[in-house]
Structures are given as structure tokens and as C-alpha cells.
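Note that these values count all heavy atoms, side chains included, but never hydrogens, waters or copies made by symmetry. As the structure is a prediction and not an experimental result, all values here were calculated from the model.
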Amino acid sequence: MTALEPVEITAGRLHVRPWQPEDAPAVLAACQDPEVARWTAVPQPYTAEVARAWVGEVAPAEWASGRGAPFAVLDAVDGRLLGSVSLMRLDAGAAEVGYWLAPEARGRGVATEALAAVCRWGFGALGLGRMTWLAYVGNDASRAVAERVGFTFEGTLRGYLPWRDGTRRDAWVAGLLPGEVR
């Protein structure tokens, strides 16, 4: 894969940009939330070392390798971290999306706006032909965000997603094609 040039996107009240080392304390705080731990595969316990490695090494390596485009979602006015949205597993003109929000950002449309902005960028700038959303079965909030953005629910994949304890869990899957972003 070819390296991706990191970009910043301002979408109304949100600013979406690549992770920076100074984001580590806010990432650490957000990833202490039980809902982030419940519905994502972020390491548990989530330590300061893990947060520093994410913003300083892992996320920049995704951009540099062309495998992914992980973004911090910030309040465009005060710069406060609201969450994360990523294009992952970029390959053959397709990508998977993933996102989480800090507790104080939930219920305000932040995830929907951020995901839509990043999907538009992926289809436009990267020329992607498909995006896939996957979530552990039962993550109704994530599913509602994906559907508001325009993803079409496609089914349940049995035993598809790995979990921290080495087991596999069922996953919901949905797809988004160019021109379907709401």
C-alpha cells in the first residue's frame, strides 16, 4: 500500500484530524469509560503507556503504511477530544470503519457527523468503492449511527470478531457504497 497523506477535515462544529502525541491524556481518560471497554477491542486495562503508543506510534504507522486513516474527533471551537473515527484495513478499494465517543459527547450527533465526514473523504479523496461497518451484536448505539450515515444492514456474522479473552463473538455487518452517505 502507498502511504496516505494525513488530512484534517472541518465539518461544522467538528474538527477531525490525525492523532497527535498531546492527545494521549484525553485518549486515556476516554478509554476508561465502561462503554468503550464493553463495545470495542481497546486493550484493558487501558494505560497511559497504551495511549501514548496509540497516538505516537500505532496511528501514525497506519497513515504511513496506507493501511488506515485514524482520526481524532475534536470540538471545532475549544479543541476538546470528543472521540475517534477511523478507516481501517484499507485494501482493494474498500475500508472498514470504526468509532467511539467520550461519554460527554454521546447523544449529540457527534458520531454521525464525524463518520459521515470521514466516509465522504474516503469515497472522494481515496476513491473507495465500499465501506464496511462491523460491531459486536447488541451494540445498538453504534448500529444507529451507521444507519443514520447510510449504511445498509447486511446481517450477522457468527463468531466473526475476536475478543480480548481469545474467544470470538458474533458481529453485525453493514455496507456503504459511494453516493449513499446521508
Side-chain angles (χ1 to χ4, degrees), residues 1 4 7 9 11-12 14 16-19 27 30-31 33-44 54 58-59 62-63 65-74 81-103 105-164 167-182:
M1 303 259 354
L4 292 175
V7 300
I9 304 165
L14 303 178
V16 181
R17 62 150 169 80
W19 292 99
V27 172
C31 289
D33 177 60
E35 290 301 298
V36 171
R38 178 180 180 197
W39 296 115
T40 71
V42 298
Q44 292 298 317
W54 169 250
V58 178
E62 287 293 296
W63 287 95
S65 70
R67 290 186 313 257
F71 291 97
V73 178
L74 309 169
L81 178 70
L82 302 175
S84 171
V85 64
S86 298
L87 297 183
M88 307 173 293
R89 293 179 253 300
L90 285 161
D91 187 34
E96 181 183 327
V97 300
Y99 44 91
W100 55 258
L101 288 182
R106 295 184 190 134
R108 300 182 6 220
V110 170
T112 302
E113 292 173 32
L115 180 60
V118 170
C119 287
R120 283 187 197 96
W121 173 76
F123 286 131
L126 301 181
L128 296 176
R130 177 189 166 88
M131 295 194 199
T132 300
W133 165 85
L134 292 165
Y136 295 110
V137 168
N139 192 344
D140 296 317
S142 182
R143 181 174 175 169
V145 167
E147 289 176 338
R148 281 192 299 271
V149 169
F151 281 81
T152 298
F153 184 74
E154 297 173 338
T156 301
L157 302 171
R158 296 178 306 132
Y160 189 77
L161 289 174
W163 190 239
R164 289 182 204 96
T167 62
R168 300 189 74 77
R169 294 173 59 187
D170 294 350
W172 283 331
V173 62
L176 185 70
L177 302 177
E180 295 179 342
V181 181
R182 293 187 189 132

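Across all their heavy atoms, Leu81 and Ala72 have their closest contact at CD1-CB, 4.0 Å. Minimum interatomic distance between Ala59 and Trp19 (heavy atoms only, all atoms of both residues): CB-CD1, 3.8 Å. Annotation for Arg17 and Leu74: closest pair NE-CD1, 3.2 Å, computed over non-hydrogen atoms. The heavy-atom pair separating Gly129 from Leu177 by the smallest distance is O-CD2, 3.5 Å. Contact record, Cys119 with Leu176: SG-CD2, 3.8 Å, taken as the closest heavy-atom pair. Contact detail for Phe71 and Ser86: the closest heavy-atom pair is N-OG, 4.1 Å.
In this structure, Thr112 OG1 and Arg182 CZ are separated by 10.5 Å, a value rounded to the nearest 0.5 Å. Arg143 contributes atom CZ, which lies 4.0 Å from atom CZ of Phe153 (distance to the nearest 0.5 angstrom). Here the CZ atom belonging to Arg120 is positioned 10.0 Å from the CD1 atom belonging to Ile9, to the nearest 0.5 angstrom. Atoms CD and CH2, from Glu96 and Trp133 in turn, are 10.5 Å apart once rounded to the nearest 0.5 Å. Here the CG-CG distance, from Leu14 to Leu115, works out to 11.5 Å after rounding to the nearest 0.5 Å. In this structure, CD in Gln44 is found 13.5 Å from CZ in Arg38, a value given to the nearest 0.5 Å.
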Going through the checks in order, is the ring pair (Phe, Tyr, Trp, His ring centres under 6.0 Å) test met by Phe151 and Trp172? CA-CA 12 Å; Phe151 281 81; Trp172 283 331; over 10 Å; no
Stepwise, does the side chain to side chain contact (heavy atoms under 4.5 Å, CB included) test hold for Leu4 with Leu126? CA-CA 9 Å; Leu4 292 175; Leu126 301 181; 3.7 Å; yes
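Within a 6.0 Å radius of OH in Tyr160, no more than 12 heavy atoms belonging to other residues, nucleotides or ligands are found.
Taking the six-membered ring for Trp and the full ring otherwise, the centers of Tyr99 and Trp39 sit at least 6.0 Å from each other.
Formation of a donor-acceptor pair under 3.5 Å by the Thr40 side chain with backbone atoms of Ala37 is not found in this model. The backbone N or O of Leu101 lies less than 3.5 Å from a partner atom in the side chain of Arg106, making a donor-acceptor pair. Judged by distance alone, with hydrogens and angles left aside, the side-chain atoms of Arg89 form no donor-acceptor pair with the main-chain N or O of Ala94 at under 3.5 Å. Side-chain atoms of Arg67 do not come within 3.5 Å of backbone N or O of Glu62 as any donor-acceptor pair. Between the side chain of Arg164 and the backbone N or O of Val42, at least one donor-acceptor pair lies under 3.5 Å.
When side chains are defined from C-beta on, Leu90 counts as touching Leu128, because their heavy atoms get closer than 4.5 Å. Taking 4.5 Å as the limit, every side-chain heavy atom of Trp100 sits out of range of all side-chain heavy atoms of Ser142.
Checking each of Asn139, Val97, Leu157 against Leu134 for a side chain to side chain contact (heavy atoms under 4.5 Å, CB included) leaves exactly one that passes, namely Leu157.
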